[in-house]
Protein chains: 2
Amino acid sequence: MAENFNRIMEGLGDVLEIVEGRAAPESYRVHIPEKVDVKAIRDRLKLTQAGFAERFGFSIGAVRDWEQDRRTPEKSARALLTIIDREPAAVERALGPITADT
Amino acid sequence: MAENFNRIMEGLGDVLEIVEGRAAPESYRVHIPEKVDVKAIRDRLKLTQAGFAERFGFSIGAVRDWEQDRRTPEKSARALLTIIDREPAAVERALGPITADT
DNA sequence: GACAGACTACGGCATTGCCGTATCTTTCTT
DNA sequence: AAGAAAGATACGGCAATGCCGTAGTCTGTC
């Protein structure tokens, strides 16, 4: 609920950019949140910090820094974390174990 | 073709780790390539560097550095790039424009 | 109480992110 | 063909993150 509200509010920022002419409406662009609640995502997956890191290829140090608000994950990392949160299956598919390709 | 071969060879590395007891077989883990051909991915999508950057939330500087072999994208970025390459639709869905959630 | 697992809290160096700018190269346009 | 504009390449350079190590805290278990 509250999360949806936040997403919409953030989305409004994009709309503003278009309205103000700072962005082209035809240019699709993903929206990457400024802040990501790593611990929440990890808890949902019921993994330890170490497990979470190994599972998705992060370094343990980075995960700790993120959860401790010592460092902010980079845009790419925030995007990946968001995808892990919303489309975990796709992450499996794209990066997952040695498949015979699709 | 050659790409599949590479994927399999890289996958063998993971298998080795399990065989040698350095990794637990039950712990699923994604495999993130050491090198990613950013230009190839971008060309496939027919986007300019600037377009590609805006489209997926990278900074232009990073994209340039990557394609010029000046910097190696971080693990998270390599993972994201790989997902963009293999599951672009999922990226759209997870990060894409303001949806009413799923 | 001793011990192990998970997490917090920092120190500190290597590496990347990212911005700016100058220099081609390619592709239109006149 | 000459000039303009777009797209890339090539660096300099600072700020910020990645990442490794270590010590301390908290909790549950034996």
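In this text the structure is predicted, and so the values were computed from the model without any measurement. The sequence lines fix the lettering, A, B, ..., with proteins before strands; numbering per chain opens at 1.
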TODO: May I ask you to test the A/E92-B/V30 pair for a side-chain heavy-atom distance under 4.5 Å?
DONE: no
Task: B/Q49 and B/R42, any side-chain heavy atoms less than 4.5 Å apart - done: yes
TODO: Measure from CZ on B/R78 to C1' on C/dT15 and round the result to the nearest Å.
DONE: 12 Å
Open item on the list: The criterion is side-chain hydrogen bond (donor to acceptor under 3.5 Å, both in side chains); which residues satisfy it with B/R71, sequence neighbours excluded?
Closed with: none
TODO: Provide, to the nearest angstrom, the distance between the CD atom belonging to A/E67 and the C1' atom belonging to C/dC10.
DONE: 17 Å
TODO: Would you please name every residue forming a side chain to side chain contact (heavy atoms under 4.5 Å, CB included) with B/D37, sequence neighbours left out?
DONE: B/K39, B/A40
Open item on the list: Expressed as a whole number of angstroms, how long is the span from A/I32:CD1 to C/dC18:P?
Closed with: 10 Å
In a table with atom names and distances, give each donor-acceptor pair under 3.5 Å that connects a side chain of residues 73-84 of chain B to protein atoms at least two apart or in another chain.
from, atom 1, to, atom 2, distance (Å)
B/R78, NE, B/P33, O, 2.6
B/R78, NE, B/E34, O, 3.4
B/R78, NH1, B/P73, O, 2.9
B/T82, OG1, B/R78, O, 2.7

Task: Nucleotide D/dG7, atom P - distance to NZ of B/K39 in whole Å - done: 13 Å
Open item on the list: Using whole Å, what does the distance between atom P of nucleotide D/dA10 and atom CG of B/D69 come to?
Closed with: 10 Å
Open item on the list: How many whole angstroms separate atom CG of A/L81 from atom C1' of D/dT17?
Closed with: 14 Å
- [ ] May I ask you to test the B/F56-B/L95 pair for a side-chain heavy-atom distance under 4.5 Å?
- [x] no
Open item on the list: I'd like to check A/R44 versus A/D85 (side-chain heavy atoms, cut-off strictly below 4.5 Å). Are they in contact?
Closed with: yes
TODO: Encode nucleotides 18-30 of chain D as B, S and - characters from 5' to 3', where the letter depends on protein heavy atoms closer than 4.0 Å: B to the base, S only to sugar-phosphate, - to neither.
DONE: BBBBB--------
Task: Protein-nucleotide distance (A/E34, atom CD; D/dT17, atom P), rounded to Å - done: 12 Å
- [ ] Scan residues 61-82 of chain A for pairs that pass ring-ring contact (aromatic ring centres under 6.0 Å, His included), counting only residues two or more places apart or in two chains.
- [x] A/F58-A/W66
Task: Donor/acceptor link under 3.5 angstrom from A/Q49 side chain onto base of C/dA6 - done: no
Open item on the list: Rounding to 10°, can you tell me the angle the first-five-pair axis of the helix from C/dG1-D/dC30 to C/dT30-D/dA1 makes with its last-five-pair axis?
Closed with: 40°
Open item on the list: Are the side chains of A/R64 and A/R70 in contact, using a 4.5 Å heavy-atom criterion?
Closed with: no
Open item on the list: Output the rounded distance in Å from CD (A/Q68) to C1' (D/dA16).
Closed with: 17 Å
